[in-house]
Amino acid sequence: MSSIAESLVKTMEKQTQVRAARRQRAKITNQVMNGVFWLVAAIVLSALLFVLGYVVLNGYSYVTVKFLTGSDFATGIAPQLFNTLYITVGALIPLFVIGVSAAIYVSEYARQGWFLNILRFASDTLTSVPSIVIGLLGFLLFVTNFGNGPRWGFSRAAGILALTILNLPWMLRAAEDALRAVPKDFREASMALGANKFQTVTRAILPAAIPGLVTATLIVAGRIIGETAALIYTSGEAGPTAGWFTLNPFFAGDTLSVHIYSLFADNPTTGAYQGRLATAVLLLVLIIVINGTARFLGQRLHQRFSGKKA
Amino acid sequence: MSKAQIQQADSAARLAGSGKFSLKKLFDDSATIYFTICALIVIATLLLVYVNIGSQAYQTFTQWHISLTNLFTSNNWDAVNNFGLKANFSGTLMLVILTVFISAPFSVGMAIFIAEIAPNWIQAPMRGAVELFLGIPSVIFGLLGLIVVVPFVRNVMNSLAGAYLYNGYGIIAAIIIVTFMVLPTITTISIDAIRAVPREIREGSLALGATRWQTIRNAVLPAALPGVMTGVILGVTRALGETVAVAFVIGGAEQFPFTVNATAPFIHFSNGSDVLTTLLLFNFKEATNNTPLYSVLYTISFMLLIISAIMIAISRYFASRRVYR
Amino acid sequence: MSQQNSSLNNSPLTTVSKDGAIKRVNEERLLTSAETVTKMRAPTAPLKIQTNTLNIYYGANHAIKSVSMPIPEKQVTALMGPSGCGKSTFLKSLNRMLDIIPDTHISGEVLFDNKNVYAHGIDVVELRQRLGMVFQRPNPFPKSIFENVAYGLKIMGGFSRSEIADRVETSLRGAALWDEVQNRLNQSALGLSGGQQQRLCIARALAVAPEVLLMDEPASALDPIATLKIEDLIHELRQQYTIVIVTHNLQQATRVSQYTGFFLTGALIEFGPTADVFEHSLDERTYDFIMGRFG
């Protein structure tokens with residue numbers, strides 16, 4: 001064997017050894033990374049459990065009948081429960097009407113083109129607006145008359161309108177998803193029977209999309225209930241503790257979320273700590289129930305349309 | 001009636017309907033107009049926000065003659081005559097950058113775990129947990145920050161300093177809290193981006209002798225990168241706009257988040273600072289109409305609008321570069 | 001032909017209705033009526049792969065039933081059969097790509113150069129580098145053409161930049177794609193046509209210098225002209241590589257392969273030189289399939 005051939009064989013042998021070592025290293029890296037990912041997941045999950053567990057374990061004992069039915073600033077929550085319900089339902093009505101209608105426009109009527117592009121741009125940009133800015137806008141437009149003297153003052157109506165502006169793009173997006181989940185065949189079948197567009201929308205698409213729209217509405221309801229910054233300067237930081245049991249939209253009122261903030265910011269001498277934790281427990285339970293229901297419905301819906309499990 | 005008769009009657013009815021006034025057609029046309037108007041409302045809402053905030057913001061310069069450079073370069077804020085935002089800008093910048101830098105690796109790691117590594121039976125509950133996390137309101141995070149994070153930061157920093165120097169409020173507590181808030185945002189979007197990468201890409205890589213980690217790093221993640229970046233940018237937007245959770249822990253003092261000086265430990269974190277959003281929240285209470293403060297606060301709002309809009313433009317750019325949906 | 005016709009008439013597996021039409025026969029019934037013994041005409045060429053009583057289960061589903069099959073070296077072996085017969089599963093078991101499918105159980109052995117690939121201590125990563133795979137649908141990575149071919153080399157590591165460039169060119173030439181892409185190596189692979197993408201995937205597999213190419217219906221997603229190019233390429237590649245190709249297309253099997261295995265509901269019914277299998281089927285079911293009676 002010539003020396004050149006010998007050295008070639010040696011190089012190849014060495015290369016084979018190097019490759020084997022590299023493969024070994026790649027496998028070890030693979031194992032290490034596997035462990036890293038399990039660790040990351042464990043850390044993140046335990047952080048979540050900590051958040052939930054800490055609030056619930058420290059706060060649940062303060063949730064008493066007296067707390068739920070009382071209306072004093074730090075020791076009762078009845079007005080906040082009522083306001084939360086009032087403002088959530090109040091904001092969901094315009095959101096549902098406009099959001100679903102605009103979603104119908106996008107998914108059923110709109111053609112690709114400049115108008116749809118502008119609409120998408122507007123919707124995306126609206127989602128990015130910080131909620132405190134919407135709060136200041138609501139103050140400007142609804143609480144005061146462009147800053148010049150009062151209009152409605154701090155009021156549930158102002159809060160409802162601020163939340164409508166804040167959540168409109170989210171409602172549009174969620175409703176659009178619900179409408180797009182309706183299989184195309186429904187539209188074609190309806191159109192083929194001679195129904196016009198409006199009939200197709202009202203008789204074929206909307207009924208099929210109802211579970212999806214309920215999910216969308218619940219998701220937005222969860223966002224509304226958790227919102228704080230947009231409400232502090234619209235529906236007011238701390239509502240009156242008397243006379244709140246009224247449907248008057250021009251009455252000021254703080255929701256559960258705002259209440260936690262005002263118990264922090266106004267720092268009453270008694271009951272702030274207990275009040276905050278107890279309110280937080282209620283808020284968490286409410287949000288989890290609503291989002292859990294939305295998720296459950298969403299999965300059921302997915303199964304119904306796709307015929308398989310999510 | 002025979003089949004032929006029915007057909008005849010039908011076509012007669014159709015003939016009568018065409019070209020003449022028809023209630024059905026009227027409904028159809030007005031519905032089209034109605035749905036279009038609702039779409040226009042969405043666009044109008046955006047204009048409403050920008051025009052009204054903008055017109056108030058404008059008065060800072062026209063009515064009160066405060067210059068933009070003054071806002072950016074001065075750090076003297078007394079809410080009456082001096083409106084230097086430098087300290088708040090640094091606070092916001094530091095909060096956003098550090099928050100996203102810390103949470104992005106964890107989020108993407110979490111997304112990879114859920115989408116690629118976790119056994120099937122864990123995947124759905126894990127995803128549910130992350131979405132649950134996403135739904136937790138910012139006041140809850142703020143409250144936890146106040147009760148848990150502030151004392152934690154206080155204890156750690158004071159024991160590091162060896163003296164009672166820190167009260168725990170300030171940028172560090174804010175970063176910790178917002179990191180947790182941004183995490184589920186980036187994670188859920190990254191999961192979707194990774195799931196959208198077709199199975200064939202993974203098979204192609206594995207069949208070439210790549211390990212699972214090599215497949216994730218060299219094939220799956222690059223393919224999912226534009227989607228992951230969309231998530232990261234949305235995380236930036238959330239950190240930028242977050243107000244209430246930060247308000248609980250930031251301390252609300254118009255000073256730089258930290259100062260650097262010659263004595264150890266060289267970087268001194270401030271007891272309380274501020275970011276742009278909390279500046280709005282804390283100061284708006286005292287602001288009355290026709291004062292420079294009032295206009296300046298709307299100017300800050302408008303700046304936040306602009307920065308957020310730029311972020312959305314960037315995320316739309318990344319979204320348009322997505323290969324798999 | 002006449003001999004085969006008479007055997008068809010005697011077959012208990014087909015039923016002839018009153019008007020003389022031959023009805024398709026339920027595949028499950030076909031299998032229950034026969035055992036999993038293969039009608040084998042063993043190849044004379046040296047073997048690269050040999051499976052021995054290979055059984056594969058997906059959960060409770062018995063996907064591959066006691067298959068013993070020789071795969072001769074530097075020949076093209078076609079696996080054919082109706083869809084769902086297990087031919088793709090069998091193919092994926094050869095380079096252990098089944099490992100990534102959960103709830104899969106395998107018994108029996110796959111001998112590759114006389115070593116069982118399912119034996120303890122086998123390096124799966126090395127195995128997959130030696131048995132390259134081309135998939136049903138072209139699956140280029142969303143990277144440049146160059147990066148796609150270089151992918152396997154970078155995974156292996158230890159190649160200099162010029163070595164990689166050389167290997168990329170050789171592989172692209174080997175896959176008959178070089179002339180079409182040499183001026184746009186840095187453009188995205190997703191911009192190529194379907195046929196070009198599939199040849200790119202072949203080049204990608206060739207780059208890591210495999211000994212065997214496993215092809216899972218490589219032309220099923222392509223138009224006839226692109227299919228022809230792939231088939232020409234297979235002819236070229238046979239000089240250097242052992243090729244196993246799953247195909248749904250009978251003509252393709254006769255055009256490209258030297259050996260053919262016929263699968264039915266997970267069992268290997270017949271194996272032998274392609275010409276023999278097609279012209280003198282030893283099993284009624286092979287004959288029925290070739291005549292287009294089912295599948």
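By convention in this document, chain letters (A, B, ...) are assigned in the order of the sequence lines, proteins followed by strands, and residues within each chain are numbered from 1.
- With chain B as partner, the option from C:R137, C:K143, C:M133, C:R96 having the largest number of non-hydrogen pairs under 4.5 angstrom is C:K143.
- Annotation: maximal heavy-atom pairing with chain C below 4.5 Å, among B:A210, B:P198, B:P119, occurs at B:A210.
- By the neighbour-count criterion of 12 heavy atoms within 6.0 Å, atom OH of B:Y34 is densely surrounded, having more than that number from other residues, nucleotides or ligands.
- More than 12 heavy-atom neighbours from other residues, nucleotides or ligands sit within 6.0 angstrom of OH on C:Y58.
- The choice from C:R128, C:E126, C:R130 that makes the most heavy-atom pairs within less than 4.5 Å of chain B is C:R128.
- Atom CZ of B:F133 is surrounded by more than 12 heavy atoms from other residues, nucleotides or ligands within 6.0 Å.
- Across every non-hydrogen atom of B:Y324 and C:P142, the tightest pair is OH-CD, 3.4 Å.
- Heavy atoms from other residues, nucleotides or ligands lying under 6.0 Å from CZ of C:R184 number more than 12.
- At a 4.5 Å heavy-atom cutoff, the contact between C:R204 and chain B is made by backbone and side-chain atoms alike.
- Other residues, nucleotides and ligands place no more than 12 heavy atoms under 6.0 Å from the CZ atom of B:F180.
- Contact annotation for C:K92: only side-chain heavy atoms (C-beta onward) come within less than 4.5 Å of a heavy atom of chain B.
- The environment of B:R217 atom CZ is sparse: at most 12 non-hydrogen atoms of other residues, nucleotides or ligands sit within 6.0 angstrom.
- Of all non-hydrogen atoms in C:F135 and B:A207, the two that sit nearest each other are CZ-CB, 3.9 Å.
- To the nearest 0.5 Å, the span separating CD1 on C:I101 from CD on B:E203 amounts to 7.0 Å.
- Between C:K154 atom NZ and B:Q214 atom CD the span is 13.5 Å, to the nearest 0.5 Å.
- For the pairing with C:I155, the side chain to side chain contact (heavy atoms under 4.5 Å, CB included) check across B:L208, B:N218, B:T215 returns one residue only, B:N218.
- When every heavy atom of C:N139 is checked against every heavy atom of B:I201, the shortest pair comes out as O-CD1, 4.1 Å.
- For chain B, the nearby part of C:P140 is the backbone; its heavy atoms alone come within less than 4.5 Å.
- Interface remark: C:L127 contributes no atoms to any contact with chain B (heavy atom separation under 4.5 Å).
- The shortest non-hydrogen separation linking C:V125 to B:G209 is CG1-O, 2.9 Å.
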